[in-house]
Protein chains: 12
Amino acid sequence: MRILLVNGPNLNTLGAREPEIYGTTTLAQIEAAVRARAAEFQADVRALQSNSEGAIVDWLQQEQADGDGLVINAGALAHYGIALRDAVAACGLPAVEVHISNVWRREEFRHASLLSPVVSGAIVGLGAHGYVLAVEALARIIQGAE
Amino acid sequence: MRILLVNGPNLNTLGAREPEIYGTTTLAQIEAAVRARAAEFQADVRALQSNSEGAIVDWLQQEQADGDGLVINAGALAHYGIALRDAVAACGLPAVEVHISNVWRREEFRHASLLSPVVSGAIVGLGAHGYVLAVEALARIIQGAE
Amino acid sequence: MRILLVNGPNLNTLGAREPEIYGTTTLAQIEAAVRARAAEFQADVRALQSNSEGAIVDWLQQEQADGDGLVINAGALAHYGIALRDAVAACGLPAVEVHISNVWRREEFRHASLLSPVVSGAIVGLGAHGYVLAVEALARIIQGAE
Amino acid sequence: MRILLVNGPNLNTLGAREPEIYGTTTLAQIEAAVRARAAEFQADVRALQSNSEGAIVDWLQQEQADGDGLVINAGALAHYGIALRDAVAACGLPAVEVHISNVWRREEFRHASLLSPVVSGAIVGLGAHGYVLAVEALARIIQGAE
Amino acid sequence: MRILLVNGPNLNTLGAREPEIYGTTTLAQIEAAVRARAAEFQADVRALQSNSEGAIVDWLQQEQADGDGLVINAGALAHYGIALRDAVAACGLPAVEVHISNVWRREEFRHASLLSPVVSGAIVGLGAHGYVLAVEALARIIQGAE
Amino acid sequence: MRILLVNGPNLNTLGAREPEIYGTTTLAQIEAAVRARAAEFQADVRALQSNSEGAIVDWLQQEQADGDGLVINAGALAHYGIALRDAVAACGLPAVEVHISNVWRREEFRHASLLSPVVSGAIVGLGAHGYVLAVEALARIIQGAE
Amino acid sequence: MRILLVNGPNLNTLGAREPEIYGTTTLAQIEAAVRARAAEFQADVRALQSNSEGAIVDWLQQEQADGDGLVINAGALAHYGIALRDAVAACGLPAVEVHISNVWRREEFRHASLLSPVVSGAIVGLGAHGYVLAVEALARIIQGAE
Amino acid sequence: MRILLVNGPNLNTLGAREPEIYGTTTLAQIEAAVRARAAEFQADVRALQSNSEGAIVDWLQQEQADGDGLVINAGALAHYGIALRDAVAACGLPAVEVHISNVWRREEFRHASLLSPVVSGAIVGLGAHGYVLAVEALARIIQGAE
Amino acid sequence: MRILLVNGPNLNTLGAREPEIYGTTTLAQIEAAVRARAAEFQADVRALQSNSEGAIVDWLQQEQADGDGLVINAGALAHYGIALRDAVAACGLPAVEVHISNVWRREEFRHASLLSPVVSGAIVGLGAHGYVLAVEALARIIQGAE
Amino acid sequence: MRILLVNGPNLNTLGAREPEIYGTTTLAQIEAAVRARAAEFQADVRALQSNSEGAIVDWLQQEQADGDGLVINAGALAHYGIALRDAVAACGLPAVEVHISNVWRREEFRHASLLSPVVSGAIVGLGAHGYVLAVEALARIIQGAE
Amino acid sequence: MRILLVNGPNLNTLGAREPEIYGTTTLAQIEAAVRARAAEFQADVRALQSNSEGAIVDWLQQEQADGDGLVINAGALAHYGIALRDAVAACGLPAVEVHISNVWRREEFRHASLLSPVVSGAIVGLGAHGYVLAVEALARIIQGAE
Amino acid sequence: MRILLVNGPNLNTLGAREPEIYGTTTLAQIEAAVRARAAEFQADVRALQSNSEGAIVDWLQQEQADGDGLVINAGALAHYGIALRDAVAACGLPAVEVHISNVWRREEFRHASLLSPVVSGAIVGLGAHGYVLAVEALARIIQGAE
């Protein structure tokens, strides 16, 4: 089983950027935790972080054939990146959306995600550990558990 | 550690009600799974299901002194039960909101939850297993993990 | 054939409450007229009036197995009681919605009913006799007439 | 007692047009059923179907002096035909609006009817039989029953 | 100088229809008063009343070559008759819009007129005499007065 | 008979200000034309122009006892001067609103006037001569003509 | 003279719940102060607090015959409890609405109260003492003072 | 193969009406060009222009049995003619909508067409030649080309 | 203790202006009643009524240094006078807003007050006596009572 | 004559991606068909597909000097790519917009295109052949045909 | 060269009023800094501060003949003072709008300025020094620099 | 002191692109003028222009450690580039936003900038010289001047 992990714009600065909102965990630490939980399900992980919507779309088109599921935190692109939404919908993989912070306590334009209707589900506001929970949820979906 | 588990209107019919939306897992099975994951964190569980907003508010006021955190699927009340929102905010406990189905694929009035801004975070659309993930997230918040 | 008859908040005061809007017929008179028309279709009637949304949801969950159809005037709950809507949709019975007064001549928040999309149809503004017409419509639906 | 029966655009194709929405009953069958129920109240029926709003307004102005009440399914005109609304309001007759399908399950622009605030009431979503119920309701209003 | 006078749906019933809104003056009396004021400007009058938007558009296309200006009370069509608006704009004649009643005291859908941006100006709420004032305004516009 | 004539902010610059919108007639010329038409009805005219809403309200409170009707072009205040609207409504005099330009061809915030629902009617877009027509309309209303 | 005093959901926790918003006065202290001021007007007080809308509606229907006026803080129900609004309107008693906190400084969904149009008036944001002022206002209304 | 060609209100004046918007090609020239391109696909053409929505609906109901596809420029009716929309949807023929001018550069009420969701596709803003392209598109759809 | 009392546009005509809305009490009577209740708290009163927003702002800037609190009925300015709102917020005094009539039963533009978020609280719809209650509320706030 | 052909995000997967929406024609097949029709007008074609808005803007800035017209299917960028809109508007070339699917049957955020007001016209919902029709339309515009 | 400097309501209290928003610079200091930068461009300055919209309009009408440009901070009037907007537009002078604070971080009603579309440009959120920058911008516009 | 200067999509074509909107100054000339004014404050300048949001975010993340402030004209990205907004907010530098044209005279989607709430202030509509003024404003903010 292979899990694709996508992080969108500005998430490479996690741990340094506005820690009162995003916590002090770095992206490297998140990726490590994701790989660890994935391993419990005999899954490996392919990961991308990019600040460019086009690059994420390119990568998804390339990787989707070899992936079994997608964990994605699109960052700000969740709120306006329709091309990314289309790529996620088109890739045909089960997907779980993650947001580190509770977007409903923030600016109104962050309350809705374009990705939400095209993924299986979302984990929001539960910090960096939300990625780990997403892996468990995704692995179970791939395995066909209810 | 004690976790309060609240299920709102119509969730007592889980497993029988519209299984194409809500799956075939019953509420009793969910509560059992919740208790199992809670036990991994040395937590016990107090659970309520009610079709009445007033009864849920009453119960929260009574139980909050002995609880350490809240897992809540308010069902339809998430979208109009301001009194319940106020009770959740007032109880002072960390809370995780759960929705079994992906609310963003359903009627527009289900897209926003009044509870979302007053809980720590939410797990949406990941089926009955979302409750189990919520327990893990909540336990870690209570333990002070990031 | 069994018809379930539900009346929501404040409808127990029919005949006394604002008769210029709701007329002078009492709820007891309505129930009698409903039973009479139902009898023409060899149907009996189980009736509930309650001011509490939770109590109506409880009752619907209990009665649905023995009912063949539902006539419902949800009163004010028609406009915000999503839990009741969900219970009506989940009960799986054909249903006809009744409003005694012409809601479109009243406050704008009464113009839309949350129940309308989950019932077969509605009879609005035709006074207490609307319940009787609803019984005839419902009986025909249960019988499979077009 | 004379009942005026008006059917608006496209209702002449009933029975053939999109039967999954409108059923298989033809307009001729509806008119026959209307006359039958009207006869129970010693009422005759004058009927018009037209695809032209202007023609319906002309007809209402001509017939209103000899009519005692109006049953009207304005079809699509219900949603934008303000001239028709004005003619209905101006004719001074009690009126009952009919829609065959449940408009609240269809496109949003069909959810509101301009006629609704100027008629006594409406019967919606109950199929071709809704016309028959409308006759009973209208006859009782003309007779002064509550 | 020739003035075209157009009256839209339901205005043929003026004097009889809802006199508390529209007064007791008949359309014939209005046309006579219009001709009288027009005569002071050496203008004759061609008049049409129709309940059909299509018929008014046909007539405008036919008459515009011989007319010098237009006085128009489109009735309800002012609020939704875009085809009529296009015909008025396309005819190339100066035009004055008239409404007998004060539309801003009535239903909100009557507050805006589609014709208003394509006519020179409007006279609203000043009763049947508004037509006479419109003739004076129009004649001065045709004569090139400021 | 006494007619009160009120002109609001910036109307003292008529003739000089943006003549492509407002024409070349000065306010003095307008007042003279108003007095002339008023004289045909044996009416005299009291006139005020002010750039200050408060001053107009003061003046209306003082003059209303001796006036029989009001012609008012509130200028920009028509769109936000609720205090002026209240003063016009409270003065108890019949009133006609005038706008020189066709406000519906201009910015959207000029399309609605707060005064419109509290005056008898309005004359819009017919240039400086609109004041003269307003006098005729007002005089007839004062005289009790329909 | 009898004054009915209704407090809605969560108001039983006053003094303990979020004191930075609601102050430190308890509900018992408020009821005592209400009784004291009521006594100045020879009025006694019947009081209810409930977290359930249905229970409040039940109570109002029972008590209204023996009451002369109503002081009501509906809490969160003010913003969505249409059934409660209907019960207040139907009870036929003069009523004064109270909110302890300044609702207009809080979430937008608290800015409007469904009760406001059906009560005599409201006292908002003036703390627990607002109840006392409401008693004085209500007593004067019952006595017929302007 | 037979193609039905419908032109709505005011399109009979093409070539003369506002040529800066609609160009100088007449409707007769358009029909000739349509027939020429249709002939390349062995199709003949039946054409209607009418200023009356009712007449277009009548014609569509009559012609649909003998037609294989529809090219329609509904003119202004595209924006409010729901009866026409229903007739197009009910006729069961593949259809291509044409607008001569670029409607998105014009008034906002022209930006959306009620027909668009019930036709196969649309050709907008490409002048009179858009009809010819529509014929090619429609012929290919009828022939089953992708 | 000094209380500043501000009354906005048109409130000088209280008692005469639309008494069915505002009652028959005059502004002089209100000021006398305010002084009487203020005296119970050893407070004197400085009062202003003006129809001009600028004059009220000027006065507030001058008087604020010597005042301890503000009772303000801004009249119509409550709904659009942002400069007045800013002056009230900037003066740094505790303030209570008063409206004589129940604004929520009137035009929608009167439902929200720009002042409400910058005052301590409001007393609405309780007639002229609302000013007296406001004095009591304000005096207690100044004294530091909860 | 040179035609620039731009395809935006995800259009490189045409033929494989969601064929029930986009058909089975590949982008290579579309480009071949475009070149063929262009050749009938003695035009060659320069083509770009990119998933990155920035790359498309770069390419347009480079190619515009040598191009005579633009056929563009911006994909999802049509709905939010304002930078692309600005680049299309700034390039000064006539342009035709293409959408393969009927966007008005899909999510509401796809109903409006930011490009539409800055191109000559659009061909929507007519499948892959829409590109070919766009070439014909564009070539005629470049040639100066009406 | 003469620069007119207008400051609207409450700006006379700069330095004292809410310094966390507006800073500690007084209006006198701002005017001195404005005159200094103006002197670099051989310009003198005429300045007005008023809390009354009417007074500002009066002053602009008087001074415009002798001024070459306008620097204006309308304060709260920027958001509702349409009469002031009209006066600025009518004066025919180039103008630069200044706001001391970043209005987009404040209440939503401050986000849009009615003046913005009728001035050359705006300087917002850059504190008291924004006036000085405005003088430089304005002087260059008057001198015809790009 | 180092100032970062960012120009977004299409600004590399300044001077050539639509000069009636953006003037004839080139980007090279702007950068030169920016460096000159910066030099007066002993500041050097690092500049980027890119048509790609991702590239700008990358660059900001790299340069922010060595920069003291930011002047940014995001071009079209100001209106939808939330990722860029987040990067600007996260970089922790004081920033001044520049728009060359008066965006409030253009399409409504350009009226609001996502950057505005996260920068210190903005200079809008003052042409290419706005960049120079922004440097002065930024330098003073960096120096701690009010």
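Proteins come first, then strands; the chains are lettered A, B, ... in the order of their sequence lines, and each starts at number 1. A quick note: this is a predicted structure, and the numbers were derived from the prediction, not measured.
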Quick check on J:I56 against chain L: is it the side chain, the backbone, both or neither that has a heavy atom closer than 4.5 Å?
neither
For L:A76, is there any backbone N or O sitting under 3.5 Å from a side-chain donor or acceptor partner on J:D86?
no
To the nearest 0.5 Å, what is the distance between OG1 on L:T13 and CD on J:Q61?
5.5 Å
Once rounded to the nearest 0.5 Å, what's the spacing between atom CG of J:D58 and atom CG of L:N12?
7.5 Å
Around L:E108, counting heavy atoms of other residues, nucleotides and ligands shown, do more than 12 lie under 6.0 Å from its CD?
no
Which atoms of L:E53 are under 4.5 Å from chain J, going by heavy atoms: the side chain, the backbone, both sets, or neither?
neither
Should L:H79 and J:Y80 count as side-chain neighbours, where that means a heavy-atom distance under 4.5 Å?
no
